[in-house]
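We name chains A, B, ... by the order of the sequence lines, and we start the count at 1 in each one. This is a predicted model, so every value here is computed, not measured.
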2 protein chains.
Amino acid sequence: MKNFTPTGSCPVRDVLCRLGDKWSMLVLLTLNANGVMRFSEIHRTLGDISHRMLTVTLRMLETDGMIRREVYAEVPPRVEYRLTERGGSLLPHIFGLVEWAEANKEAILDGRRRS
Amino acid sequence: MKNFTPTGSCPVRDVLCRLGDKWSMLVLLTLNANGVMRFSEIHRTLGDISHRMLTVTLRMLETDGMIRREVYAEVPPRVEYRLTERGGSLLPHIFGLVEWAEANKEAILDGRRRS
DNA sequence: CGGTATCCTTTGAGATACTG
DNA sequence: CAGTATCTCAAAGGATACCG
């Protein structure tokens, strides 16, 4: 019987849980779709993320090396975000999930309504 | 500029958010690895999930048609869980993520330590 | 054994106001 | 414009006890 007890270093739990939050995936998707983006642009494309949660999410993604943050010493300040290679390498897997979700969406929502 | 504003029916947000919780993926993985399992067996293979959260997670996965639940009218009761076809069809995509996480784990944890 | 109900703590996340 | 700091509230999740 294969075990899934916490070993203290499970990559699923360590790494992926950070991506399972409300916004990380969407930030990666919009950066992938639109290339280099400013803070306010990302904010607009997501629409309903709060100012605060966007900064928090961006910081976490930066810490994990998924995105790169570049500050320009201008007034008013300009900050640009882009995917790193590591971030880009994750995207095909996300797309796999998205396609699966699209394919199974109807059936799943149907089942939820029934119960 | 491609947009990711909430359309009211985004499959990423509707369907995948249910899988982004603390336990769903692990339950699917253990069922995939071990086949038909009883409640208490799943409980043991995960180790640190609470009794309550396991029932909650199993109910959600059942509602979404990812697993099948079978109750046997015995004393003491026996309840068996197994993956459905739909649940199984998701697993390759999860494995994709797991492999990515394994490949990038060191670098990511390293980066976190540094910041 | 498997599940439910209750209570309680912790975390996630929005609103708002302020700063360089 | 981008970011930080508080405050607040809601949801997630654990502990415990009880039921069929």
Practice problem: Keeping to residues at least two apart or across chains, list the ring-ring contact (aromatic ring centres under 6.0 Å, His included) pairs with something in residues 15-39 of chain A. | Solution: A:Phe39-A:His51
Quiz item: OG1 of B:Thr45 to CZ of A:Phe4: how many Å apart, nearest 0.5 Å?
Solution: 7.0 Å
Exercise. Measure the CG-CE distance between B:Leu58 and B:Met53 for me, rounded to the nearest 0.5 Å.
Key: 10.0 Å
Quiz prompt | Per-nucleotide protein contact string for nucleotides 8-14 of chain C (B base, S sugar-phosphate only, - none; heavy atom under 4.0 Å) | solution = -----BB
Practice problem: For the helix from C:dC1-D:dG20 to C:dG20-D:dC1, figure out the bend between the end axes, five pairs an end, and round to 10 degrees. | Solution: 40°
Taking salt bridge (Lys or Arg N to Asp or Glu O under 4.0 Å) as the definition, give me every residue that meets it alongside [X], ordered by chain and number, with sequence neighbours left out.
X       : result
B:Asp48 : A:Arg13
A:Glu80 : A:Arg78, A:Arg82
A:Arg68 : A:Glu70

Quiz item: In residues 57-67 of chain B, which ones come under 4.0 Å of DNA chain C, going by heavy atoms?
Solution: B:Arg59
Quiz prompt | Positions of residues 27-34 of chain B (non-hydrogen atom under 4.0 Å from DNA chain C), listed by number | solution =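 Contacts with DNA chain C under 4.0 Å: none.
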Quiz prompt | Atom-pair distance (CD1 on B:Ile42; C1' on C:dG3), nearest Å | solution = 14 Å
Exercise. Write down the distance between CE (B:Met37) and C1' (C:dC1), rounded to a whole number of angstrom.
Key: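 Going from CE in B:Met37 over to C1' in C:dC1 covers 15 Å.
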Quiz item: For A:Ile49, which of A:Ile42, A:Leu26, A:Leu54 qualifies under side-chain contact (heavy atoms from CB on, under 4.5 Å)?
Solution: A:Leu54
Exercise. Could you note down all residue pairs passing salt bridge (Lys or Arg N to Asp or Glu O under 4.0 Å) where residues 35-47 of chain B supplies at least one of them, sequence neighbours left out?
Key: none
Exercise. For the pair A:Thr30 (side chain) and A:Val27 (backbone), establish whether a donor and an acceptor sit closer than 3.5 Å, ignoring hydrogens and angles.
Key: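 No, because the side chain of A:Thr30 does not come within donor-acceptor range (under 3.5 Å) of the backbone of A:Val27.
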Quiz item: Of all residues at least two apart in sequence or in a different chain, which pass the side chain to side chain donor-acceptor pair (under 3.5 Å) check with B:Thr84?
Solution: none
Quiz item: Less than 4.5 Å apart, any side-chain heavy atom of A:Leu31 and any of A:Val36?
Solution: no
Quiz item: With a 4.5 Å heavy-atom cut-off, do A:Arg112 and B:Arg18 have their side chains touching?
Solution: yes
Quiz item: Near DNA chain D, under 4.0 Å by heavy atom, which residues of residues 68-81 of chain A?
Solution: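 Contacts with DNA chain D under 4.0 Å: A:Arg69, A:Pro76, A:Pro77, A:Val79, A:Tyr81.
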Quiz prompt | Where chain B begins and ends its contact with DNA chain D, read 5' to 3' at 4.0 Å from heavy atoms | solution =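 Listing 5' to 3', DNA chain D meets chain B from D:dG13 to D:dG20.
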Quiz prompt | Minimum-distance pair of heavy atoms, taken over all atoms of B:Ser24 and B:Met60 | solution =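 Distance-wise, the nearest heavy atoms are OG-CE, 4.3 Å.
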